[in-house]
Amino acid sequence: MLDFKGISVHYGHQDVLTDVTFRVNKGDRIGVVGPNGSGKSTLFKIVLGEMSTDKGELIIEGNPRIGFTRQNPEPDTPEETLLEYSLRGVPGLSEIEEEMKELESRLDEPGVLDKYGELQTKFEHLGGYDIETRVKVALGGLGFTTEEFSKPFKSFSGGWRMRAELSRVLASKPDLLLLDEPSNYLDLPAVDWLQKFLKLYDGTLMLISHDRYLLRTLTSLIVEVDAGTATRYEGGLDWYLNEREVRYQHLLAAKENQDHHREQLQRFVDRFRAQATKAAQAQSRQKLIDKIDEERIVLPKRYTQSGKLRLAEPPPSGIEMFRCEELGFSYDGVKQVLKDIGFKIERGEKVALIGYNGLGKTTLMRIIAGTRTPTSGKAIIGHNVIPGYLSQEFAETIPPDVSVYRNAKNAIPPGMNEKNFRNQLGAFGFDENDIEKPAGVLSGGEKIRLAFLRLFLSAPNFLLLDEPTTHLDLDGRRLLQDALQKYSGTILLVSHDIDFVRAVATSILEITHEGIRQYPGGYDYYQEKKAEREEAKGQGSRVEGSGNKAAINVDCDASAVPKLTSKELRQQRAAERAKLAPKTKELKKRIDTAEKKISELEAKLEEVSAELFNPTPTTDFAELNREVRTLQFEIDRYTADWEEATTELEELTNRSDA
């Protein structure tokens, strides 16, 4: 479908992409990963024709219909509603519908019926008959209510416009779907809905994301963009994370050999370039040095900007960290953002605050941090509790043109001496080479370390973290996750990253329109209990709404739906089965391939094991052990793929039967 051939892109003197070559086949589900600023979005701009290449070419086969989200969505007219905007997701669909309406009054004229039939077939192929239902379901899943469908599109904020843009793209059923960080504008329940929706998408998907949950569950191939190159990994996220470490060790060894060889050549040149008898040899070695410099091995950016985040032990405090009773808050004295909230958090708990946008999660964090005062009820901070608040805008509150040293120095409390301050700099991974860097050149992982350094200079024991992963790439998120898991203090966090919440939170605090609920277990326990509660309520196939808004019920009143003839019903069923057929075929092929590979690998493993158990004088035990580990890893990988494909096929079969 897409063939990137030797593509290079330069911004001034910066090489963004260099000789990038890889292929995207029809039906691929590709996760595009890499550090921030490495060129991932540039690949999408090339596909969309928004950017030309300095070298190489992109071949797009078959003229696919491409779906993508625009960065600044605007309505066609000031009066255009949210629903009208979202329905314009399929190019040419409204024009076909208008032409069909015009022809309906002339069906008895010669040739008009044939023309109408052609348009009807095209309209059906583009999904025209059910697009409104798909759009409404997508809008509901992303947090809109039925009441908002008729509101002017221009009345929504930028974040909600991006949700509408996403729903419009999802409902258009494109052949190729390009999504660039789609979870950035979503709360956690909407991310969960998006994952379920995209799981059923049967086209070609390219997903730029740092969200491990989406990457792990939605993609089966990874393209890593780093250090100007793009590398395709023939496996999902976990395969990629393991394989890249193996490749990095090989790359590191090659770089060390290259550097050592260059150093030897340089010593010879420096020593003998002035001697007439050795001048020719020195010149020859200089040419070799120049060639090495042209082909210099560059380590991936993630390794050159990695580091550790070590959070200090928290000061002692009482058992109760925070308690609120009948807490309420209003910004204008009319609309209640929070009402009659009551809960408590005890020492050592790691709590995730979950709920739709607009329900007051950030407001509640600010009240606990002391930057807001409740308008009713009580908010009580426990004995010796020192809150440390990291807001959503932490990256923006760090002046980019100010050095790391000065950014941190501006946050030190009274009485801290220079020696202790520099010890803190070192504890957060900043050495003498880093402290004079302007903050604007720091990677996402370095910025989070600087933000936490500023936070921990005041020695908090109750961390309040509002979307701390927003600016972080995969490695930055893992860095923060590992630090928070080891931290012995108390944490209240808000995050839309499901894997991050699952790994860090030991309990869940869900805020809803009805009030607030506490779940003593982690995210999976919360999901289990929530499902039980919804099943008990008999909600059926509801799509939850946003905040204090009503839920959208996508069930239809049977009396309002026109009855189909038996022929139309058969046609509809045949069309549904035809839609599922390509995916069914693909899954069966995956299962068959996995079974064959597992059989081959197990046979090879038996052969190698037999050699280990019956060694000869020339047996290389180290090599055989390496081969055993590799074979076992491959068997595990194909087994996981077999299980995933079998589960999907079973779900698809159930859908087909239904």
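Start at 1 with the first residue, then count along the sequence.
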Are [X] and [Y] close enough that some pair of their side-chain heavy atoms sits under 4.5 Å apart?
{"X": "Leu218", "Y": "Arg29", "value": "yes"}
{"X": "Ile7", "Y": "Ile46", "value": "yes"}
{"X": "Leu463", "Y": "Leu390", "value": "no"}
{"X": "Leu186", "Y": "Asn357", "value": "no"}
{"X": "Val351", "Y": "Thr506", "value": "no"}
{"X": "Leu194", "Y": "Pro182", "value": "yes"}
{"X": "Val504", "Y": "Leu493", "value": "yes"}
{"X": "Leu177", "Y": "Ile66", "value": "no"}

Donor-acceptor pair, [X] side chain versus [Y] backbone, under 3.5 Å?
{"X": "Lys350", "Y": "Leu484", "result": "yes"}
{"X": "Glu148", "Y": "Thr145", "result": "yes"}
{"X": "Thr469", "Y": "Arg477", "result": "no"}
{"X": "Thr490", "Y": "Gly348", "result": "yes"}
{"X": "Glu467", "Y": "His496", "result": "yes"}
{"X": "Asp28", "Y": "Val24", "result": "no"}
{"X": "Gln518", "Y": "Lys344", "result": "yes"}
{"X": "Gln336", "Y": "Gly328", "result": "no"}
{"X": "Asn407", "Y": "Ser403", "result": "yes"}
{"X": "Ser330", "Y": "Lys335", "result": "yes"}

Taking all non-hydrogen atoms of both residues into account, name the closest pair between [X] and [Y] and its distance.
{"X": "Phe500", "Y": "Asp497", "answer": "N-OD1, 3.0 Å"}
{"X": "Leu509", "Y": "Ile516", "answer": "CG-CD1, 3.8 Å"}
{"X": "Gly355", "Y": "Pro189", "answer": "O-CD, 4.1 Å"}
{"X": "Leu188", "Y": "Ser495", "answer": "CD1-O, 3.3 Å"}
{"X": "Ser38", "Y": "Asp226", "answer": "CB-CA, 4.3 Å"}
{"X": "Ala164", "Y": "Ser86", "answer": "O-OG, 4.1 Å"}

Could you go through Leu237 and Tyr213, starting from their C-alpha distance and side-chain angles, then the distance that decides it, and tell me whether this counts as side chain to side chain contact (heavy atoms under 4.5 Å, CB included)?
CA-CA 10 Å; Leu237 180 67; Tyr213 173 66; over 6 Å; no

Establish, yes or no, whether a centroid distance under 6.0 Å links the rings of Phe343 and Phe322.
yes

Between Tyr405 and Phe421, does the ring centre distance come in under 6.0 Å?
yes

My understanding is that only one of Tyr356, Tyr85, Phe153, Trp160 makes a ring-ring contact (aromatic ring centres under 6.0 Å, His included) with Phe144; could you say which?
Trp160

What verdict does the side chain to side chain contact (heavy atoms under 4.5 Å, CB included) test give for Ile208 and Val225, after you've listed the backbone C-alpha separation in whole Å, the side-chain angles of each residue and the deciding distance to 0.1 Å?
CA-CA 10 Å; Ile208 295 176; Val225 184; over 6 Å; no

Carboxylate-amine/guanidinium proximity below 4.0 Å for [X] and [Y]:
{"X": "Arg232", "Y": "Glu234", "result": "yes"}
{"X": "Asp482", "Y": "Lys486", "result": "no"}
{"X": "Glu532", "Y": "Lys530", "result": "no"}
{"X": "Arg163", "Y": "Asp187", "result": "yes"}
{"X": "Glu510", "Y": "Arg533", "result": "yes"}

[atom1] of [X] to [atom2] of [Y]: how many Å apart, nearest 0.5 Å?
{"X": "Phe197", "Y": "Leu166", "atom1": "CZ", "atom2": "CG", "answer": "9.0 Å"}
{"X": "Ile412", "Y": "Ser458", "atom1": "CD1", "atom2": "OG", "answer": "12.0 Å"}
{"X": "Ser317", "Y": "Glu346", "atom1": "OG", "atom2": "CD", "answer": "11.0 Å"}
{"X": "Ile386", "Y": "Asn461", "atom1": "CD1", "atom2": "CG", "answer": "5.0 Å"}
{"X": "Glu436", "Y": "Asp434", "atom1": "CD", "atom2": "CG", "answer": "10.5 Å"}
{"X": "Ile354", "Y": "Lys361", "atom1": "CD1", "atom2": "NZ", "answer": "9.5 Å"}

Stepwise side chain to side chain donor-acceptor pair (under 3.5 Å) check, Ser391 with Asp466:
CA-CA 5 Å; Ser391 69; Asp466 195 354; over 6 Å; no

For the residue pair [Y] / [X], report whether a side-chain donor-acceptor contact shorter than 3.5 Å exists.
{"X": "Glu313", "Y": "Ser488", "answer": "yes"}
{"X": "Gln481", "Y": "Arg212", "answer": "yes"}
{"X": "Gln527", "Y": "Asp192", "answer": "yes"}
{"X": "Gln195", "Y": "Thr217", "answer": "yes"}

Could you tell me how the ring of Tyr526 sits relative to the ring of Tyr523: parallel (under 30°), tilted (30 to 60°) or perpendicular (over 60°)?
tilted

Evaluate side chain to side chain contact (heavy atoms under 4.5 Å, CB included) for Arg216 paired with Asp238, printing each intermediate quantity in order.
CA-CA 7 Å; Arg216 184 172 284 115; Asp238 294 319; 3.0 Å; yes

Within a reach of under 6.0 Å around NZ of Lys409, are more than 12 heavy atoms found that belong to other residues, nucleotides or ligands?
yes

Apply the test side chain to side chain contact (heavy atoms under 4.5 Å, CB included) to residues Thr231 and Tyr233: give CA-CA distance (whole Å), side-chain angles for both, the deciding distance (0.1 Å), then the verdict.
CA-CA 6 Å; Thr231 307; Tyr233 288 79; 3.7 Å; yes

